[in-house]
Each structure stands twice: as structure tokens, then as C-alpha cells.
Amino acid sequence: MKLIYGVKDRPKWGQLILFALQQLLAILAATIAVPMIVKNGMSASAALFGAGVGTIVYLLFTKFRSPVFLGSSFAFLGSMSAAFAGGVSASLGYLGLLLGAAFAGIVYVIIALVVKFAGVKWIDKVMPAVVIGPTVAIIGLSLAGNAVSDLLRGNVTVDVSNWVIEFVEGGAPVLKEETVAKMLCSPFVALACGLTTLAVTVVCSVYGKKLLKMIPFIIGILAGYALAAAFTGIGYAAKCDALKVINFELFKNMQWYPDFAFLTAFKGGYVAGEAGSVGAYIGTIAVAYIPVAFVVFAEHIADHKNISSIIETDLLKDPGLTRTLLGDGIGSVAGAFFGGCPNTTYGESVGCVAISGNASVITILLTAVLAIVFSFIAPFVTFLATIPSCVMGGVCVALYGFIAVSGLKMIQPVDLGDNRNLFVVSVILIAGVGGLTLNIGAVTVTEVACALILGILTNLLVNIRRKKKDGEDGLAEAVQPAPEVADKTNEEGTDNV
């Protein structure tokens, strides 16, 4: 699509603020979800602060040429949980989070140095459009399940007790009571709110004029939130749980300031021997984080190829893969220092750029600044947290879809009539959509990484004979006489006859 604002353009201040709020809304749900999943006292507002800091670091390394926002990485969820394994104290667990982020950052720095000396041409050979295109599509398609499940959920829950039978090996069955969270909202009510959000977003983007066309997400979310608030009000008035979509109770326990990770980590009070020897604990953290960093590297390439196709500038060459890697790696360490969560480039941010047509890097910078400022404004952060899952699901249907479509657009020039290309694309799509993942110890290789690796191997396999043939053709051409010599030989031969 045609961009309304390019990377170097700066919208007017009023538009700029709205664009930044739209980006913030697009990345918010995933950014604050990571600390909420890991728990252990992690602060959602601190994660938001860390995402803002990490993004600014990234922009500095990339010379403000790459319009990408960094947010909390889901790939490191298992690694972060490993930092708290064994019942360690909060201080030691948070110190483990900082060490782990540092290990992951070092991996990025090492890869960046390799790229600095080896260049990026090998990436084009190993990951051509036939490989990277469907991989980018998988990034969007792999998130489709999340969008659909969110579309059917509100954010009002109640704790209920559930008796389950636990079978212990060698012993009698034991009844065990578990407390689980049950969603109150009817899926049909949630679906109505989510589809309203999606419909308003689509209408604003397709039929809207000027500003409405540029901020469809904000208008869509506000429309969905208004409908959800109306249902919730009726639900409380009629004492009908099925209509309660929004959890307004969150305003009673607002966190007024970010609980930064480094403050807890450096608090001290470690218990001697609580996690075994110091060396063993550091080794556990290293094993949990370092392999995942290599997995996220593959996603880094795919994300940057995707945004490059949208802004029609190859970011792997300008500002260069070395700079994007350093920005991502060091930005991730900086973000984890405050929020505890390693950061990564966000597909939601890329999708927002594609739909709004605004690639202005100044918008990303202001989004980062707003993330830092708003992390200290408890009512605003709490308001964002009350946005129901179904409303964000409606937005994400469009966001994730645009990511998938942008990947498919990359393979438009590819000849799918050639079985070589057809096999590569097929393998990647099926492996990714099918959810092929590998658990190697504490490391989970995501479906995106598995699909990419399998695609690279398939591409190498189907092109072995082509490379041999190309080499033979080149050798044949090398031993043929030059055209001038051949003509002269023929003329001499004719004269002799």
C-alpha cells in the first residue's frame, strides 16, 4: 500500500500524538501480558517503561531509520520462569532475569560482529523471498489462534474451586482442590464487542477521510470499549454475569509507580545455597536464555524483511543488519533492566504501520516516550488494562492478518509453477500453521523458527542439482572460444577448403 507518511516524515503534532497512541494501543496487550503470565510480582507498568527505553535504544542504534517498536518477548517466557525455579527469593530471581537478558544481548552482539565482517549477502542466499515470504506469513498466522480466542473473552473473572482427582504413581487416587479463574462474560457478548471493534476499524480504514483513515485502531477500540461498557453496566444492574465484559474492579488496586526489576534484584537478602552454587545457578540461566536468543534472531530477520517490504527500503542494508541487531540486543537488555522482560521487535507495530500508512519513525519515538510517561500514570495504565480481550481481539484479527498478507505479497514474484519453489513454500506454511515446535530441554523452538529452519533446509535440498548444473554451464562457457576467435577460425577453415 502507499504510505501516507514515510520514515523521515513528521506528521503535525495533533496527528503525531494520535498516531503514537494508536501504536501504544497496538503493542500494549502483548507487552503487559508477559509479566502477568510470569507473575512472581512482576510489574506490568515496569514492563511498559522497559519497552519504551528499549525502543529508544533501538532507534539510536538504527539512526532513526527503522520504524519498529520493541516490546516484551513471549519467546523468553520459559527462560524467565527458569529464573524463579527452585523457590529462590525474589531478589535472586530478579537478578536471574537481568543476567539472562545480558546473556541474550551478548548473543546478539556476537551475531552482529559476525555480520559486520561477513556482510549480509549470505542472508539473501540462505533466506531468499521464497523462504522469508511464507515465514513472515507464518508470524501472522501463528497468532491467529490468539486473536480468535481473545475475540470470545472478556476480562472479568472469578476464582472458583474445582475438585480434581490426582493419580499418584504407586499410590491411591487423591482428591485435590484447585482454584481456577472462570470467565463470566458470555462468548456471544464478547464476540459482539470484538466484531464491532473490527467492523469500525475496517470502515474507518476503508471509507474514512483524512484523520479517521489514519487512526482506525483508536476509533475501533473506543467503539468496542463503549459497547462493552454498556453491556457491563446492564450486567451489574441486572445482576447478570453473562453481560459483564469489563473488570472495573482493577481501579481499586492501581499500581501508582513501576516496580523496576533492578530495584528488587539489587535489594540483596539472598539465602546462601537457596539455588545451589552460584555457578550452577548462572549456568541454569545461561542455558535457559542463550539458545532462545538464536531462535529470536530468526524472527528478527523475518520482522525486518517484512517492514522493509512495507516501507520499500531494505533495512538489512540501510541502516544494516549489524545496527538492527545491536539495537535489538542492547535495547532488550536495557528494557529488561527496568521491566525484567527481554524485548523484541513487534509484529503488531509492523501491522499498525501497514494499515495506517504511517511509517514515520518520529511516531515510534513518541510512542516510546509515552510508554515511559504513562507507566507512572496509574489511572491510564489501569484503563488500558481494563480494555477487554475481545476488543483487542477484534483489532488483532486485522493486525495479524496484515502481517500474514504482507508475507504472501513477498512471494508474488516467485514462480510457484516451479516445483522447487512450490515445495519450499508448502513446507513452511504447513509446518508453521500446524504448530510444529520442539522442546529441547528448557528451550522451546517456536513454530516460526521451526518453519524457517525447515524452509531453509528444503530450499538447499531442492537447489543442489541446480547449483551443480549452473557450475557445469559456467565451466562449459569458460572453455568455449570467444565469439571473435570462433568466427576467425571458421573463416580460415573455409579459405583453406
Side-chain angles (χ1 to χ4, degrees), residues 6-8 54-71 73 75-76 101-139 289-335 342-347 349-350 353-354 359 361 364-365 403 406-407 410-411 428 446 448-449 451-453 455-456 459-460:
V7 175
K8 297 181 180 180
T55 299
I56 292 174
V57 171
Y58 172 83
L59 293 176
L60 289 171
F61 271 97
T62 55
K63 297 182 177 181
F64 294 90
R65 296 177 185 173
S66 178
V68 176
F69 192 93
L70 268 60
S73 173
F76 288 98
F103 281 130
I106 290 172
V107 170
Y108 269 56
V109 171
I110 292 173
I111 297 176
L113 291 175
V114 171
V115 171
K116 178 69 175 177
F117 294 102
V120 295
K121 289 184 178 180
W122 61 274
I123 293 178
D124 293 329
K125 293 180 180 179
V126 175
M127 291 182 278
V130 70
V131 172
I132 207 68
T135 302
V136 170
I138 289 302
I139 293 177
Y289 274 84
I290 291 176
V292 179
F294 285 100
V295 174
V296 177
F297 164 69
E299 297 178 0
H300 175 98
I301 298 290
D303 278 336
H304 283 80
K305 283 283 190 179
N306 189 9
I307 190 66
S308 294
S309 68
I310 294 171
I311 65 176
E312 297 181 347
T313 299
D314 191 349
L315 296 174
L316 301 188
K317 296 179 180 177
D318 181 22
L321 182 57
T322 298
R323 287 187 171 275
T324 64
L325 284 171
L326 288 174
D328 198 347
I330 305 302
S332 180
V333 174
N343 293 337
T344 188
T345 52
Y346 258 24
S349 175
V350 176
V353 170
V361 76
I364 304 297
L365 176 61
I403 295 170
S406 63
M410 291 183 190
I411 58 175
I428 294 174
T446 65
V448 175
L452 176 60
I453 294 170
I456 291 172
N459 187 54
L460 293 175

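Applying the side chain to side chain donor-acceptor pair (under 3.5 Å) rule to T344 yields no partners; only residues at least two apart in sequence or on another chain are considered.
Using a 4.5 Å heavy-atom threshold, the side chains of N459 and I456 count as separate. In this structure, the side chains of I330 and V109 come closer than 4.5 Å at one or more pairs of heavy atoms. Counting only heavy atoms from C-beta outward, the side chains of D328 and F61 never approach each other to under 4.5 Å. Between V296 and Y108 there is a side-chain heavy-atom pair separated by less than 4.5 Å. The closest side-chain heavy-atom distance from L452 to I428 is not below 4.5 Å. At a threshold of 4.5 Å between non-hydrogen side-chain atoms, the residues I56 and L60 count as touching. Within the 4.5 Å cutoff, the side chain of V68 has no heavy atoms near those of the V353 side chain. Counting heavy atoms from C-beta on, the side chains of L315 and R323 never come closer than 4.5 Å.
Between N343 and G331, the shortest heavy-atom contact is ND2-O, 3.9 Å. When all heavy atoms are compared, the tightest approach of A302 to T135 is CB-CG2, 4.3 Å. Summarising the geometry of R65 relative to V7, their closest heavy-atom pair is O-CG1, 3.6 Å, with the distance given to 0.1 Å.
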Trace of the side chain to side chain contact (heavy atoms under 4.5 Å, CB included) decision for L59 with I364: CA-CA 9 Å; L59 293 176; I364 304 297; 4.1 Å; yes

Check against side chain to side chain contact (heavy atoms under 4.5 Å, CB included), L321 and I301: CA-CA 8 Å; L321 182 57; I301 298 290; 3.7 Å; yes

Side chain to side chain contact (heavy atoms under 4.5 Å, CB included) assessment of L325 paired with F297: CA-CA 8 Å; L325 284 171; F297 164 69; 3.6 Å; yes

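Separation of atoms OG1 (T322) and CD1 (I111) is listed at 11.0 Å; rounding is to 0.5 Å.
Exactly one residue among T324, D303, N306, T55 makes a side-chain hydrogen bond (donor to acceptor under 3.5 Å, both in side chains) with T345. That residue is D303.
Between H304 and Y58, the ring planes lie tilted relative to each other; the angle falls in the 30° to 60° range.
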